[in-house]
Amino acid sequence: MSKTSQQNSSTDASGASVIHSQAHSSGLQQVPQLVPVSPGGGGKAVPPSKQGKKNSFVDRNSDEYRQRRERNNMAVKKSRLKSKQKAQDTLQRVNQLKEENERLEAKIKLLTKELSVLKDLFLEHAHNFADNVQPVGTETTTTNPESSGQ
């Protein structure tokens with residue numbers, strides 16, 4: 001069995017060459033292969049909004065051009081103002097947080113001192129309480145001189 005193949009080339013609707021090959025006596029069906037027509041082989045796809053603008057000449061004195069420039073200038077101005085406002089808001093928020101942080105740190109110092117004073121008072125009270133309480137079973141009996149003689 002000989003395996004000879006025959007290739008036919010045609011162009012489809014998109015301009016790409018399609019190579020059809022037929023293998024004799026193999027019994028296998030082959031899938032057509034797409035081959036680019038241009039030697040470069042492709043590249044990035046250009047969005048429809050930019051396809052016509054690449055090669056077109058723009059008259060800088062036309063009303064349409066002036067309107068587009070004015071709209072663009074207004075948009076840039078608005079964007080810059082918005083960015084400036086956002087930076088100011090962020091700076092204001094940073095300053096508020098710094099003030100709050102300082103206030104909270106001062107409160108921590110105050111509460112730490114208060115805790116230390118309360119601990120000292122508690123320990124002093126506990127020590128005094130321990131000195132005044134005698135353990136159970138070691139009670140001293142006092143003799144009453146009046147009751148012993150009778």
Practice problem: Give the intermediate values and the outcome of side chain to side chain contact (heavy atoms under 4.5 Å, CB included) for residues T112 and K109. | Solution: CA-CA 5 Å; T112 303; K109 285 182 182 178; 5.7 Å; no
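- Checked against N72 for a side-chain contact (heavy atoms from CB on, under 4.5 Å), the options M74, R68, R69 give a single hit: R69.
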Just distance, no hydrogens or angles: give the donor-acceptor pairs under 3.5 Å from side chains in residues 81-88, sequence neighbours left out.
residue: Q85; atom: NE2; partner: D89; partner atom: OD1; Å: 2.9

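- Taking CG of L118 as the start and CZ of F122 as the end, the distance is 11.0 Å to the nearest 0.5 Å.
- To the nearest 0.5 Å, atom CG of residue D120 and atom CG of residue L115 are 9.5 Å apart.
- Other residues, nucleotides and ligands place no more than 12 heavy atoms under 6.0 Å from the CD atom of E64.
- Between the CG atom in N128 and the CG atom in L123 there is a gap of 11.0 Å [rounded to 0.5 Å].
- With sequence neighbours left out, D63 forms a side chain to side chain contact (heavy atoms under 4.5 Å, CB included) with no residue at all.
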Sequence neighbours excluded and cut-off under 3.5 Å, please list the side-chain donor-acceptor pairs for residues 98-106, or say none.
none

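- The shortest distance between side-chain heavy atoms of E114 and L111 falls below 4.5 Å.
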